[in-house]
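Everything below concerns the one structure shown next.
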There are 2 protein chains.
Amino acid sequence: MTSRPPRPRERGIPEATVARLPVYLRTLQALQDRGTLTVSSEDLASAAGVNSAKLRKDLSHLGSYGTRGVGYEVRYLVYQISRELGLTQDWAVAIVGIGNLGRALANYGGFGTRGFRIAALLDADPAMVGRRVASLDVGHIDTLEAVVRDKGVSIGVITTPAASAQAVATRFVGAGVSSILNFAPVVLNVPDGVDVRKVDLSIELQILAFHAQRRNGDEGHGAEPAGLELT
Amino acid sequence: MTSRPPRPRERGIPEATVARLPVYLRTLQALQDRGTLTVSSEDLASAAGVNSAKLRKDLSHLGSYGTRGVGYEVRYLVYQISRELGLTQDWAVAIVGIGNLGRALANYGGFGTRGFRIAALLDADPAMVGRRVASLDVGHIDTLEAVVRDKGVSIGVITTPAASAQAVATRFVGAGVSSILNFAPVVLNVPDGVDVRKVDLSIELQILAFHAQRRNGDEGHGAEPAGLELT
DNA sequence: ACGCGCTTGTGAAAGCACGCACAAAGTGGG
DNA sequence: CCCACTTTGTGCGTGCTTTCACAAGCGCGT
């Protein structure tokens with residue numbers, strides 16, 4: 001166990017790198033499906049939409065898996081990135097809030113692509129509980145703790161209205177879930193050690209609007225309607 | 001024009017700040033709904049989940065809208081951030097790909113919260129075209145250019161399968177749309193000047209998995225099954 | 001009118017992230 | 001066997017982000 005001189009992967013991969021690894025992985029899998037055996041950093045970077053130096057530096061954090069003069073072996077790299085991301089094991093996911101978005105996620109095939117398995121769907125609405133969505137019976141939110149325990153849920157997805165999100169997050173944490181993906185438009189308050197990532201459609205649109213406005217010269221509407229100070 | 005000593009807002013708000021402004025805005029609106037009139041950077045920062053110094057620096061990029069010793073006037077700040085983000089004008093959004101996710105977005109009320117209006121839904125499937133979703137008739141993808149022109153669409157949302165996303169993006173760009181929100185799991189190739197933001201559920205899960213694995217000591221499953229080298 | 005307490009706005013320092021450019025290392029042809 | 005060519009891995013400079021710490025400013029009570 002301590003006999004490997006090159007020290008494969010350091011503890012401490014930059015966050016920015018971690019965020020790009022899934023993109024590389026997906027790109028590599030597309031290449032693999034097309035039968036490509038090896039790929040240069042230049043080609044992979046261009047397919048993944050990043051700078052080639054950045055890609056090489058990112059990969060160097062996992063160890064030296066390339067061959068100078070040749071490139072990277074696609075198959076091997078897919079394996080290494082998968083392992084680094086923890087996709088070689090199975091992750092049980094529970095979705096709370098089976099509204100439009102929750103149902104869309106439950107039915108979204110791409111979820112299970114690698115290692116993720118939807119283990120439970122929960123909702124607070126009695127009218128929804130018991131219905132069958134994506135081959136699963138919707139359970140009641142009150143069973144959250146039991147479901148987390150029995151199904152070994154380690155990732156919680158919140159697709160409830162904003163008002164209920166914090167309560168659900170707190171219950172998830174209490175039940176031992178320390179990875180949460182939040183689609184509700186609220187800032188979740190969780191203890192240290194719990195990892196929350198948010199996906200917020202409205203925020204993305206607002207960022208787009210900001211840049212669009214800037215591109216359009218910003219003017220439009222004659223720079224604030226002088227007098228509308230709102231004091 | 002050169003007579004203002006304090007120079008209100010510089011052209012060039014850091015990207016990191018822009019990404020946080022929507023969060024501040026939402027937090028402020030919640031405070032406003034609760035009847036709060038003024039708020040200190042400390043309180044607002046804590047509600048928004050950021051460091052108070054960061055919040056003050058962010059707001060300082062829009063100008064000096066606070067009062068020392070008191071804090072920020074909620075109502076005024078809401079207005080200033082809205083204006084900066086371009087939410088005082090109306091943005092027409094077109095959604096292409098009316099599958100589970102597209103329908104969920106179309107029905108998602110929070111969309112129209114501020115300035116965003118869903119102007120059109122398009123799909124390639126003849127069986128979907130003509131159906132009524134969220135009070136709109138689904139149009140055929142072939143009418144994209146006409147719809148963009150006639151409805152004044154300036155933001156395109158792509159919720160198609162990965163295979164079709166690039167083609168849709170290209171058509172959006174050709175039709176003059178230069179803000180795209182992409183939910184399909186592919187890297188879009190667009191010319192300079194076009195702003196693409198991506199929302200990728202699968203990537204978020206993978207990032208969560210990475211951190212979860214790291215928390216769990218990484219071990220689990222006895223460090224790679226020795227012999228599964230894949231060379 | 002004055003001073004005290006509170007809060008903003010911002011220099012300055014530390015930490016990250018990015019991308020260039022190049023040495024090191026491998027391949028293949030002659 | 002050697003040389004020319006390709007491609008990786010990385011040292012280094014640059015710019016952006018975050019955080020600290022504090023002076024300047026404002027309101028209130030006396």
Side-chain angles (χ1 to χ4, degrees), chain A residues 5-21 23-24 28 31 36-74 76-77 80-81 84 207 210-211 231, chain B residues 4-21 23-24 27-28 31 36-74 76-77 80-81 84 192 207 211 231:
Chain A
R7 180 112 67 82
R9 64 205 148 109
E10 267 275 0
R11 295 286 149 171
I13 297 181
E15 193 52 37
T17 294
V18 173
R20 282 188 294 266
L21 288 179
V23 177
Y24 302 154
L28 284 163
L31 288 173
T36 309
L37 295 180
T38 62
V39 66
S40 69
S41 64
E42 196 66 54
D43 292 349
L44 179 54
S46 130
V50 301
N51 179 297
S52 72
K54 180 152 62 182
L55 179 124
R56 287 197 298 276
K57 190 157 287 186
D58 282 344
L59 294 184
S60 78
H61 286 115
L62 322 185
S64 286
Y65 297 140
T67 307
R68 297 171 191 232
V70 179
Y72 299 88
E73 190 190 350
V74 175
Y76 188 52
L77 205 46
Q80 289 299 343
I81 295 179
E84 195 65 46
I207 296 173
F210 171 83
H211 292 299
T231 46
Chain B
R4 304 181 289 191
R7 180 110 68 82
R9 65 197 148 114
E10 268 275 1
R11 295 288 148 170
I13 296 180
E15 193 54 36
T17 295
V18 173
R20 282 186 295 265
L21 287 180
V23 178
Y24 302 156
T27 308
L28 284 163
L31 288 173
T36 310
L37 295 179
T38 62
V39 65
S40 70
S41 65
E42 196 65 53
D43 291 349
L44 180 53
S46 130
V50 301
N51 179 299
S52 73
K54 179 150 64 180
L55 180 126
R56 287 197 298 276
K57 188 152 283 186
D58 282 344
L59 294 184
S60 78
H61 286 116
L62 321 184
S64 286
Y65 298 140
T67 306
R68 293 168 194 235
V70 178
Y72 299 89
E73 190 190 349
V74 175
Y76 188 52
L77 204 47
Q80 290 298 344
I81 295 180
E84 195 64 47
D192 283 357
I207 296 173
H211 292 299
T231 44

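Naming: A, B, ... by sequence-line order, numbering from 1 per chain. Just the heavy atoms: all of them, side chains too, but no hydrogens, waters or symmetry mates, feed the values below. The model shown is predicted, which means the values in this text are computed figures rather than measured ones.
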Would you mind telling me which residue lines up with the more 5' stretch of DNA chain C, K54(A) or A53(B), judged by nearest nucleotide?
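First, find each residue's nearest nucleotide; the 5'-ward one identifies A53(B).
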Gap between atoms [atom1] and [atom2], on [X] and [N] respectively (whole Å):
X      : N       : atom1 : atom2 : answer
E73(B) : dT8(C)  : CD    : C1'   : 15 Å
E42(B) : dT8(C)  : CD    : P     : 8 Å
L62(B) : dT10(C) : CG    : C1'   : 15 Å
Y72(A) : dG26(C) : OH    : P     : 14 Å
D43(B) : dT7(C)  : CG    : P     : 8 Å
E15(B) : dA17(C) : CD    : C1'   : 15 Å
N51(A) : dA21(C) : CG    : P     : 12 Å
Y65(B) : dT8(C)  : OH    : P     : 16 Å

So, for S41(A) and S52(A), which heavy atoms are closest and what is the spacing to 0.1 Å?
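Shortest heavy-atom separation between S41(A) and S52(A) comes out as O-CB, 3.9 Å.
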Spatial distance of atom [atom1] ([X]) from atom [atom2] ([Y]) [nearest 0.5 Å]:
X      : Y       : atom1 : atom2 : value
E15(A) : I207(B) : CD    : CD1   : 6.5 Å
Y72(B) : S40(B)  : OH    : OG    : 9.5 Å
I13(B) : L62(B)  : CD1   : CG    : 5.0 Å
L31(B) : T38(B)  : CG    : OG1   : 10.0 Å

Under the rule for side chain to side chain donor-acceptor pair (under 3.5 Å), what residues qualify as partners of T17(B), not counting sequence neighbours?
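Result, side chain to side chain donor-acceptor pair (under 3.5 Å) vs T17(B): D58(B).
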Between which nucleotides of DNA chain D, 5' to 3', does chain A make heavy-atom contacts below 4.0 Å?
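Extent of the interface on DNA chain D: dT6(D) to dC12(D).
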Identify, with sequence neighbours excluded, every residue that meets side-chain contact (heavy atoms from CB on, under 4.5 Å) alongside A47(A).
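Per chain and number, A47(A) pairs via side-chain contact (heavy atoms from CB on, under 4.5 Å) with T27(A).
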Let me test you: for the helix from dA1(C)-dT30(D) to dG30(C)-dC1(D), what is the angle between the axes at its two ends (five pairs each), rounded to 10 degrees?
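Computed angle between terminal axes is 0°.
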If each of G71(A) and P14(B) is mapped to the nucleotide of DNA chain D with the nearest heavy atom, which maps nearer the 5' terminus, i.e. the 5' end?
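Result of the comparison: G71(A).
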Pairs under 3.5 angstrom, nitrogen or oxygen only, protein versus nucleotides 12-14 of chain C, please.
from, atom 1, to, atom 2, distance (Å)
dA12(C), N6, K57(B), NZ, 3.0

Would a 4.5 Å heavy-atom cut-off, applied to side chains only, mark L59(B) and I81(B) as touching?
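A side-chain contact under 4.5 Å exists here.
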Do Y24(A) and V50(A) come within less than 4.5 Å of each other through their side chains, counting heavy atoms only?
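Side-chain contact under 4.5 Å: yes.
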Where at least one partner belongs to residues 40-57 of chain B, residue pairs that pass salt bridge (Lys or Arg N to Asp or Glu O under 4.0 Å), sequence neighbours excluded
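Salt bridge (Lys or Arg N to Asp or Glu O under 4.0 Å) check on residues 40-57 of chain B returns no pairs.
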May I ask you to say what A16(B) touches in the nucleic acid, namely base, sugar-phosphate or nothing, with a heavy-atom cut-off under 4.0 Å?
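Sugar-phosphate: the residue A16(B), judged by heavy atoms under 4.0 Å, touches backbone atoms but no base.
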Taking the side chain of R68(A) as its heavy atoms from C-beta onward, which of dG26(C), dT8(C), dC20(C) lies nearest to it?
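The listed nucleotide nearest to R68(A)'s side chain is dG26(C).
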Would you say S41(B) reaches dT8(C)'s phosphate, i.e. side-chain N/O to OP1/OP2 under 4.0 Å?
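The answer is yes; a side-chain N or O of S41(B) sits under 4.0 Å from OP1 or OP2.
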